[in-house]
Amino acid sequence: MKFFKKLQNRLKKTQETFVNRVDTLFKGKKTVDDELFDEMEAILIQSDLGVTPALDIVEDMRKQARERKVREPGQLLELFKEEILHLLEGSEKTYAFSSSPFVFFVIGVNGVGKTTTIGKLGWQYVQEGKRVMIVAGDTFRAAAVEQLQIWAERAGCTFFSKPMNTDPSAVIYEALQKADKEGFDCVLVDTAGRLHTRGNLLDELKKMNRVAKKVIPDAPHEVVIVLDASTGQNALAQVKTFHEHLPLTGMVITKLDGTSKGGIAVSLYHDYNIPISHIGIGEEVEDLREFSAKDFVEALFLPDENKTAEKQQADSST
Amino acid sequence: MFERLTERFDDIFQKIKGQGIINEKNVDEAIREIRIALLEADVNYKIVKELLAKVKEKALGRKVVKSVSPGQAFVKIIHDEMVNIMGEGFSGLELEKNKPATIMLVGLQGSGKTTHAGKLAVYLKKKYHRPLLVAGDIYRPAAIEQLKTLGKSIDVPVYAGDTDMSPPEICREALKYAEQNSLDTVIIDTAGRLQIDEPLMEELNEIKKEVTLNEILFVADAMTGQEAVNIASTFHNKVGMDVVCLTKLDGDARGGAALSIKYVTGKPIKFAGTGEKLSDLEEFHPERMVSRILGMGDVVSLVEKAQESVDHKKAKELERKIKKQQFTLEDFLEQLHQVKKMGSLDKIFDMIPGSQRLKGNINMQDSAKELKKTEAIILSMTPLERKKPKILNGSRRKRIARGSGTRVQDVNKLIKNFNQMKKMMKMFKNPKKMARMKQMFPFK
Ligand SMILES: Nc1nc2c(ncn2[C@@H]2O[C@H](COP(=O)(O)OP(=O)(O)O)[C@@H](O)[C@H]2O)c(=O)[nH]1
Ligand SMILES: [Mg+2]
């Protein structure tokens, strides 16, 4: 519930009224003018949406605002929300579990939250009554196996691992055979964090993909990239390169409980059409939510806590 | 992304140069472009704004009209302004004030603190310190185990305390442990935390009360986006920091967060993590970071080199000749000399944006040999032959080959290339194409 509580708290801080929120966001401006569009541009860019897309959107909205004769800041805000929601059309994804065992590869750069996300996902699927196996495909980072094992226990999943430095493909091969034989519904494969600039590690991913297919011809059924909401424009390069090596079928945006808005997701979806399944909103096992484009856009335009606090201070001192 | 930016920058360069002086209009255009470049590199929005206001003021104020190339001068203003923000080069850690010297690593989840702690231990060991690693992250699953494994691999002791101890208690006991075992530097790893997590931020202050710290190191991911500003300043305000460390610089993030963090905290960036191995730690170079953020290689050094070595009168003359189709082998030779004055091809390549990759495709030694050969051939020609290559018949070519220690085929090839070049120049009579053409020469 954390995220929604937080959302609510933030809303409450601004007295829950829309007018107030718009005021905070736009620093009390009452008319739609160039300055206000500049302010919108600042908000979009500071959400990490990317400068070129942000400029394009603002340009577009200028035109629309003129055509639709938008005069109030509140209306303009709604217009922007609509537009970004429009850009996110079709971005929500639920994994289908179309075959069994249904195999996930979870990939991404170092420290984004792959292992944690696997624990959370596993827990959710167990709650839904599925038999879930978690596979320790990160045999490289110190104590990565132990970390995942703890998550598997928390989530009530079966854990499969091999000693450190085992070829991850070999781990996957055995794990999938076992999962297939024993009738698991779902297999979540953790992988070592790797920067997308490391060619040989990308090849390793491809090998894991080939080997998985040897056991289960249409595995992996989902290749999920985990992205940290605080990442800036480099996320574009990450997704591009990973996608070229191993076609991605889903994204998870983590750490949205922080102050980063994760605006890059809009550009990513727009550029690559990879849908977003979940967001991470904390470090507990239940801190995972299905991605909702509407909530995401709402949060994108929520005045952030620091600013709100600043404003309240300013308000109370006057 | 990298290439696009470099090209864009070259464009601006060219535009300003074409107009001759920096005025209100072209400076705005250049600044708009650079703004995009900086934002794409993740420099914070507000900082970009302030930075560019300053740059504009300086560009207009300075009498760049006199300088040979306004474009170059302009680049230098931006670059210098950024270097100014980034501050001085590496200076070590403060490890003298207290003994054992105690440093604490803080930062967001996943920024790379634990790995960085291991790297610092390796670094300090090399400098004849006896470090102790302290497992202050009691929350993340297997974080303690991770540090223990790292410690073992580098033969550095790890203090982890008991399961019922709080992080401040662990740190207090760790210091005792260090003293008992005559370890002189204590490196405290802490759990990753959001800067808005009040209880966890308070915990760091509790640690500060429990032990006297020499330095607090803020560990930040080089890929961080716009929020770097709020994250860093909140850590700075709530807990304090003395040194910034950037991680994951081995990726291709442009690293604008570095500038943002330095700008809002004023704290020097001292270390750069450049890989997953514990030896992958480098002392931080602010100037290199500026070039990386701008996406332009070490352009400034290149500009300075070029300014030193290029005789501008000659360059102008050359331009005139090209326009009038009077470009001769003599001029070609002159160009070669200019290249040589700038240093080895290898070095020049190092300074050109985006050339790192290109370099892999070019055999430097071959290219250098080729240049030498060309020079020798031209030098073996008479002045008349250099001016009028048309008169080079078979016997003249044979003589030249002998004189230059090359083969007639080499001489033929050179003349063919030269003729092709002239033909191309003819096509580029209009100024726009001309500009592009000039880029094919060693300098503009
Ligand atoms: N606040 C917060 N922290 C997270 C979230 N997801 C992961 N983390 C933390 O980020 C750090 C790195 O996570 P981990 O799963 O080990 O990343 P991996 O290297 O990609 O496997 C850990 O400290 C996690 O607790 C999230 O949604 N919110
Ligand atoms: Mg992991």
Side-chain angles (χ1 to χ4, degrees), chain A residues 41-42 45-52 54-55 109-113 115-116 119 140-151 154 164 192-198 228-238 240-241 254-255 257-264 282-283 304-307, chain B residues 1-2 35-46 48-49 108-115 118 139-150 152-153 191-192 194-197 221-231 233-234 247-248 250-257 275-276:
Chain A
E41 181 188 309
I45 290 175
Q46 283 176 305
S47 81
D48 291 313
L49 190 117
V51 54
T52 313
L55 294 181
V109 302
N110 316 68
V112 287
T115 305
T116 309
F140 176 77
R141 209 209 65 201
V145 176
E146 287 86 341
Q147 183 189 357
L148 189 66
Q149 181 164 17
I150 294 171
W151 273 110
R154 278 186 193 170
M164 282 295 286
R194 63 200 78 216
L195 292 182
H196 55 289
T197 46
R198 296 278 300 276
D228 183 327
S230 69
T231 306
Q233 301 306 299
N234 194 247
L236 291 168
Q238 290 172 24
K240 178 173 188 289
T241 319
T254 60
K255 310 186 194 177
D257 47 329
T259 51
S260 292
K261 301 273 167 79
I264 194 70
E283 297 183 87
D304 74 47
E305 289 181 6
N306 294 343
K307 268 191 229 147
Chain B
M1 192 158 73
F2 196 83
R35 176 173 182 257
I36 290 176
L38 291 173
L39 288 170
E40 279 184 350
D42 291 325
V43 180
N44 177 267
Y45 179 85
K46 286 180 191 145
V48 171
K49 211 169 182 175
L108 292 184
Q109 293 94 338
S111 59
K113 287 172 296 306
T114 308
T115 309
Y139 308 102
R140 210 207 66 200
I144 298 171
E145 204 48 45
Q146 185 185 353
L147 197 68
K148 279 185 178 164
T149 311
L150 291 182
K152 212 174 192 177
S153 73
L194 294 172
Q195 83 279 13
I196 48 172
D197 189 328
D221 189 324
M223 304 183 288
T224 313
Q226 293 283 320
E227 273 294 298
V229 161
N230 289 331
I231 297 162
S233 62
T234 309
T247 60
K248 308 178 201 172
D250 47 328
D252 59 357
R254 302 272 300 286
E276 290 182 81

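Every chain is numbered from 1, with letters handed out A, B, ... down the list of sequences. What you see is a predicted model, and the numbers here were worked out from it, not measured in a lab.
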Among B:Gly225, B:Ser111, B:Ser153, which residue forms the greatest number of heavy-atom pairs with chain A at distances under 4.5 Å?
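Top option by heavy-atom pairs under 4.5 Å: B:Gly225.
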Between B:Lys49, B:Arg140, B:Lys248, which shows the greatest number of heavy-atom pairs under 4.5 Å with chain A?
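Most pairs with chain A among the choices: B:Arg140.
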Against chain B, label A:Val51 side chain, backbone, both or neither, depending on which of its atoms sit under 4.5 Å from a heavy atom there.
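Only the side chain of A:Val51 comes within 4.5 Å of chain B.
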For A:Gln149, which atoms come within 4.5 Å of any heavy atom of chain B: side chain, backbone, both, or neither?
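Answer is neither: A:Gln149 stays 4.5 Å or more from chain B.
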If you take all heavy atoms of [X] and [Y], which pair is closest and at what distance?
X	Y	result
B:Ala142	A:Ile150	N-CD1, 3.7 Å
B:Leu108	A:Ser230	CD1-OG, 4.5 Å
A:Leu195	B:Gly251	CD1-N, 3.5 Å
B:Leu150	A:Ala142	CD2-CB, 4.0 Å
B:Asp250	A:Thr197	O-OG1, 3.7 Å

Contact check, side chains of [X] and [Y], non-hydrogen atoms, under 4.5 Å:
X	Y	value
A:Gln147	B:Gln146	no
B:Asn44	A:Gln46	yes
B:Leu39	A:Gln233	no
A:Val109	B:Met223	yes
B:Gln226	A:Lys261	no
B:Ile36	A:Leu55	yes

A:Thr116: partners by side chain to side chain donor-acceptor pair (under 3.5 Å), with sequence neighbours left out:
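A:Thr116 satisfies side chain to side chain donor-acceptor pair (under 3.5 Å) with no other residue.
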For B:Glu276, is there an ion pair with A:Arg198 - N to carboxylate O distance below 4.0 angstrom?
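Counted as a salt bridge, because a side-chain N and a carboxylate O are separated by less than 4.0 Å.
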Could I get the full list of salt bridge (Lys or Arg N to Asp or Glu O under 4.0 Å) partners for B:Arg35, not counting sequence neighbours?
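B:Arg35: salt bridge (Lys or Arg N to Asp or Glu O under 4.0 Å) contacts with A:Glu41.
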Once rounded to the nearest 0.5 Å, what's the spacing between atom [atom1] of [X] and atom [atom2] of [Y]?
X	Y	atom1	atom2	answer
B:Ile196	A:Asp257	CD1	CG	7.0 Å
B:Asp197	A:Glu283	CG	CD	8.0 Å
A:Asn110	B:Thr247	CG	OG1	9.0 Å

Strictly distance-based, threshold 3.5 Å: is any side-chain N or O of A:Lys255 a donor or acceptor partner for the main-chain N or O of B:Gln109?
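Pair found, side chain donor or acceptor close to backbone of B:Gln109.
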We want to know whether B:Glu227 and A:Thr259 form a side-chain donor-acceptor pair, criterion being a heavy-atom distance below 3.5 angstrom.
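Per modelled atom types, B:Glu227 and A:Thr259 side chains form a pair under 3.5 Å.
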